[in-house]
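Sequence lines set the chain letters: A, B, ... in the order given, protein chains first and strands last, and positions in each chain run from 1. Computed from a prediction, not measured in an experiment: that's the story for all the values here.
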2 protein chains.
Amino acid sequence: MSKENQRDVIVNRLKSKGLRVTPQRFAVYANLCSRRDHPTVEQILKDLNQDFPISSQATVYTSLQALRKVGLVKEVLLEEGVSRYDANVEPHHHFHCRQCGSIKDVPWDTFDSFNLEHLPYLAESYEVTIRGLCDRCTGNN
Amino acid sequence: MSKENQRDVIVNRLKSKGLRVTPQRFAVYANLCSRRDHPTVEQILKDLNQDFPISSQATVYTSLQALRKVGLVKEVLLEEGVSRYDANVEPHHHFHCRQCGSIKDVPWDTFDSFNLEHLPYLAESYEVTIRGLCDRCTGNN
DNA sequence: TTCTGAGATTAGAATTATTCTGAGATAGTA
DNA sequence: TACTATCTCAGAATAATTCTAATCTCAGAA
């Protein structure tokens, strides 16, 4: 996504829900968009404040909540006690490497679509979590 | 699983890894086996100590770790900040109700087995997480 | 049976992640 | 430009989990 698109998207989404567009929220979103590694709050904060202070920890938390509320960010829960965040909100699956801990996006069309009609529940979404060794860790485990 | 089987299973598994079979570990495992609701540490502890104190919080944590180490218990991560535990270690999937929060086991054979060969990773296990409304919550949402 | 040491339990302290508080700052409207 | 609801932030509060170190227990040795 281009920088211009990024700005348009966040402005429109936040505004449509009556939320303000602030430099902190934009910075959090831009940071998430710029990386593919599903960072934690701590990692985002460290990144944002690398050159000069731009945000506090509490603000990263509340910014992520705001971004989640408007559907720009998703939470990723794969490890105990670790909440990670992802700006890729298109449906996709996740791979989690048990050795290096890295998390990779797995394309939605990797699996045939499931027929969830015959479950006794109303399924609204689903996701496959795959665990094992990533490309960099196979061979040297 | 019968009470007798439960005892055999836990004794053999713990012993085979050089771990002791203690009343606390057995109580945690028995409690997990007796319920289908994927309880949290807090819920297990409350259950165990209902009639008289049998275990401390720290012991529930370490017992669960021991039981996980020998493969008798699995952790279930579906909600932010909530670790749940499951004595059903057979491969299966999970359904999570967004309204009442209940978690249901979904049989392994609900989905055709996936071909994970063409992923650029070594897949060792996978699981499908389905979200939506459970049978009790559909109709009154 | 008694002794002994490694492992287990425990209360409470420590740590860590997240949320709350309330005072000051600011985005966006008019 | 002025106004005001919302946002930010430092620090306090809360909650989940782990650590500490003192005591206890049990399996095997004597």
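Pairing for D:dA2 is with C:dT29, a Watson-Crick or G-U wobble pair whose two hydrogen-bonding atom distances lie under 3.5 Å. In this structure, D:dA29 and C:dT2 make a Watson-Crick or G-U wobble pair, each of the two defining distances being under 3.5 angstrom.
Rounded to a whole Å, the CZ atom of A:Phe26 is 12 Å from the P atom of C:dG28. In this structure, NZ of A:Lys15 is placed 15 Å from C1' of D:dT6, rounded to the nearest angstrom. Distance A:Lys17 NZ to D:dC7 P: 14 Å, rounded to the nearest Å. Put simply, CG on A:Leu48 is 10 Å from P on D:dC9, counting in whole angstrom units. Atom C1' of nucleotide D:dA27 and atom CG of B:Leu14 are separated by 15 Å, given to the nearest angstrom.
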How does protein reach along nucleotides 7-19 of chain C, written 5' to 3' as B (base within reach of a heavy atom under 4.0 Å), S (only sugar-phosphate), or - (no contact)? BSSBS-----SBB
Run the salt bridge (charged side-chain N to carboxylate O under 4.0 Å, His left out) test on A:Glu127 and B:Arg131 for me, step by step, so that the C-alpha distance in whole Å, both residues' side-chain angles and the decisive distance to 0.1 Å come before the verdict. CA-CA 9 Å; A:Glu127 164 184 0; B:Arg131 294 174 200 274; 5.5 Å; no
Does the salt bridge (charged side-chain N to carboxylate O under 4.0 Å, His left out) test come out yes or no for B:Arg84 and B:Asp37, once each step is laid out? CA-CA 9 Å; B:Arg84 296 178 173 278; B:Asp37 64 343; over 6 Å; no
Tell me, with the steps shown, if B:Thr40 and B:Ser83 meet side-chain contact (heavy atoms from CB on, under 4.5 Å). CA-CA 6 Å; B:Thr40 62; B:Ser83 290; over 6 Å; no
Go through the steps for B:Tyr126 and B:Trp108 under the test ring-ring contact (aromatic ring centres under 6.0 Å, His included), then give the verdict. CA-CA 11 Å; B:Tyr126 65 90; B:Trp108 186 249; 4.9 Å; yes
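The aromatic rings of B:Phe114 and A:Phe114 sit parallel to each other, their planes meeting at less than 30°, with 60° as the upper class boundary.
Within the structure, ring-ring contact (aromatic ring centres under 6.0 Å, His included) pairs that include any residue of residues 52-88 of chain B do not occur (at least two apart or interchain).
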